[in-house]
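Right, one structure below, let's go through it.
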Amino acid sequence: VEASIPEPQRDAWKKFQAKPFVSKDDFEKEVVRHVETTLARSMFNCDETAAYAAASLAFRDRLITEWNRTQQRQTFADTKRVYYLSLEFLMGRALDNAMLNVGLKNVAKEGLSELGFRIEDIINQEHDAALGNGGLGRLAACFLDSMASLNFPAWGYGLRYKYGIFKQEIVDGYQVEVPDYWLDFNPWEFPRHDIVVDVQFYGGVRKYQDEDGKNVAVWEGGEIVKATAYDVPIPGFNTPTTNNMRLWSSKAASGEFDFQKFNSGDYESSVADQQRAETISAVLYPNDNLDRGKELRLKQQYFWVAASLYDIVRRFKKSKRAWSEFPDQIAIQLNDTHPTLAIVELQRILIDMEGLDWDEAWTIVTNTFGYTNHTVLPEALEKWSVPLFQNLLPRHLQIIYDINMFFLQSVERKFPGDRDMLGRVSIIEESQPKMVRMAYLAIVGSHKVNGVAELHSDLIKTTIFRDFVKIFGPDKFTNVTNGITPRRWLHQANPRLSELIASKTGGLGFLKDLNILNELEKFADDKEFKKEWAEIKYANKVRLAKYIKSSTGVTVNPSSLFDIQVKRIHEYKRQQLNIFGVIHRYLTIKAMTPNERKKLTPRVSIFGGKAAPGYWMAKTIIHLINNVGAVINKDPDVGDLLKVIFLEDYNVSKAEIITPASDISEHISTAGTEASGTSNMKFVLNGGLIIGTCDGANIEITREIGENNIFLFGNLAEDVEDLRHTHNYGSHTMDTDLVKVFDLIKSNAFGDAGAFGALTGSIEDHGDYYLVSDDFHSYIETQALVDEAYKDQEEWITKTILSVARMGFFSSDRCINEYAEMIWNVEPLPVEKENGLGKEE
Ligand code: 9GP
């Protein structure tokens, strides 16, 4: 840490060193000061927006003081650091999280109340930081929370998109995308105008031999874009550790705009360079589990990776250590293949800029990186065309070819004469045009590769990466089952449940050691406890019902069974199976006598999620859900027995209201397609049961909570291939109940059936790739079991208590400890002063 103030003047600095507020009065003082000075408002002129801004600034100041100290402490200790490279960080709101993590929410609540505001209203002013699509980005956010809470020296590196994931509006039943400009006012970031990195694109490579006969490659020409750092403090829970998330923003290297062109009257092109450069960090690609291979995306990836590595290497060089110590000081985790270029970039820095030998450099590189795979879906596995690479990153392409050559030589030595194997594992796919297979590059350049749930980690070893297991041996491949942070997903989203748990387990310690939840088992049959538990669930359902009313106009009865499926809309996640099940229920209700109807369990089927703008089938599913809702919700025969709701613009802050309100949630992907899923964990942790397939983390959830407490259905992953084969080459008989559902759709009962032809056709006529018809019967039967089970409320509540008690395994703290031990080889840096759990919030 560089200190520019000489010793004699330091006393004055110490005397006036910033002191984070702890009391209500000091908090209020900070709020009023920010309103008057930072926001330049006159006294008493403060609405909720300004109060949110001032409260956030007060907390931001507090975080930044701790941030500075943490960075100093970590630099001084000089221990190994983790860098988590992720193109997505789906953070959601920061104020509530900051208040809870530093343990001052009550202080803020009372302070704001004295100043004339309700804390909930102030929290609700905040715009979500939505720099992610779904599970992958939210996992990165949970990991940052856990790394800070566990005192790991760790940074996140990402892109500062001007536009995060689009806002979804539903117009006449259709999804409409609206840009999400979220940076109007963002108190949580610190622009670091002094930290600017030049990033090069295009140009060519000149090669020559220097006087020692050494081959030298110089990447020259092309264009330079500037990357400016923006830092976001990440507070740990009940610890002073405040880590950093550094996001890069792009700017043209030539300054504001071209004055010469401007002066000569060419106004438009005078800003063109600047606009082109700024486009790089302008927008998050809105695809979840889908790769589109667009040049701008590759530019984003390199821009971010180059800036981050420059920063990491610069920090390392300050320590004056030998290069061989790099992997002892630095672990870099690649969140999916998006940052794979970091492998190539580090190799380039080491051989071209620092003059290391290839082998020496490659040992450093491979010992530094770890790669997490998050999907087996072929359409999501990144490949980049060689001509595109050649043009944009000519030197990197050469290095990739060299990496591939050395790799294939080693394969050849191990499996002499196996030409098929060489073709299969080559980083370069011999297609037209040739393609760079990023996942293969990530495997070859990392020392560990992990999947995100047991089934998924097994599947990657036996399917897409099978050959690599043979080549590198099984030890290179491991599993780290995903997790979620209980701070946001229990304490923040469900404060009453958190309070109840705290009252029975001796304070808030469970938020740092989630296995403490085990102690709840002994209350599973405790009458008083069960009553409180049920009241909390009911209150959460009332809160969601109010939200449904205000956002959709539909009244739902909170005593009904709330059945929720919220996640990205994707055929493999099978929202279509759910809505077909709803239509089947509708048909059943219509065919019943009034007496029969009385015996039914009333249900509210709640959907939410965004479709990628170019994913027509997913948009069709949204359209169908909305049209079905429009018919059922006003059918007098149905009344409260069934309501169908589509919640617009599902995001993190909405998830915090939705998750605690579920009775049952749906995690019904075709077996073998959902790598893990993480909302399944959130719902169970909040006292909801789940209906699901034997897929992803559902399997481990079942193992932990017991198979009596989960509703599993459907075909198994091991049977999927055979079924698909039968569909395509044998006979494909449709489920008879599903045929009735399709008949109703085709009768135009939910609007022009033509609009849904592609959806029904994909199942009836085009091979039913996602096995909707195969699983339909089992799904319907299992939903009937849910109805029955829900009638016995006593038993149901016991199941939910037991489930929560057994969810300790799914804390993201457990994941981070596993990564630290198995992959990163890094230790936490303990901090002495902790607040004392359970005393504060
Ligand atoms: O689809 C997976 C999801 O199952 C998993 O929970 C999440 C976090 O590991 O990653 C998703 N994968 C992607 O978004 C793309 O690989």
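Remember, predicted model here, so these are calculated numbers, not experimental data. Note that ligands are numbered from 1 as they come in the structure, with each ligand's atoms numbered from 1 the same way.
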How close does the nearest protein non-hydrogen atom get to atom 16 (O) of ligand 1, and which residue and atom is it? Asp336 OD2, 2.7 Å
For residues Trp489 and Asp145, determine if any side-chain heavy atom of one lies less than 4.5 Å from a side-chain heavy atom of the other. no
Of the backbone atoms (N, CA, C, O) and the side-chain heavy atoms from C-beta on, which set of Thr372 has a member under 4.0 Å from an atom of ligand 1: side chain, backbone, both, or neither? neither
For Leu139 and ligand 1, does the shortest N/O to N/O distance drop below 3.5 Å? no
Ion pair Arg703/Glu454, N-O distance below 4.0 Å: yes
Could you identify the single nearest non-hydrogen protein atom to atom 11 (C) of ligand 1 and state the distance to 0.1 Å? His374 O, 3.7 Å
Is the NZ or CZ atom of Arg814 both under 6.0 Å from the centre of the six-membered ring of Phe809 and within 45° of that ring's axis? yes
For ligand 1, is there an atom lying under 4.0 Å from some heavy atom of Gly134? no
Among side-chain atoms of Thr481 and Asn479, is any donor-acceptor pair under 3.5 angstrom? yes
Rounded to the nearest 0.5 angstrom, the CG-CG distance for Asn335 and Leu139 is 6.5 Å
Consider every N or O of Tyr572 and every N or O of ligand 1, then say whether any pair is closer than 3.5 Å. yes
For atom 6 (O) of ligand 1, which protein heavy atom lies nearest, and how many Å away is it? Gly677 N, 2.8 Å
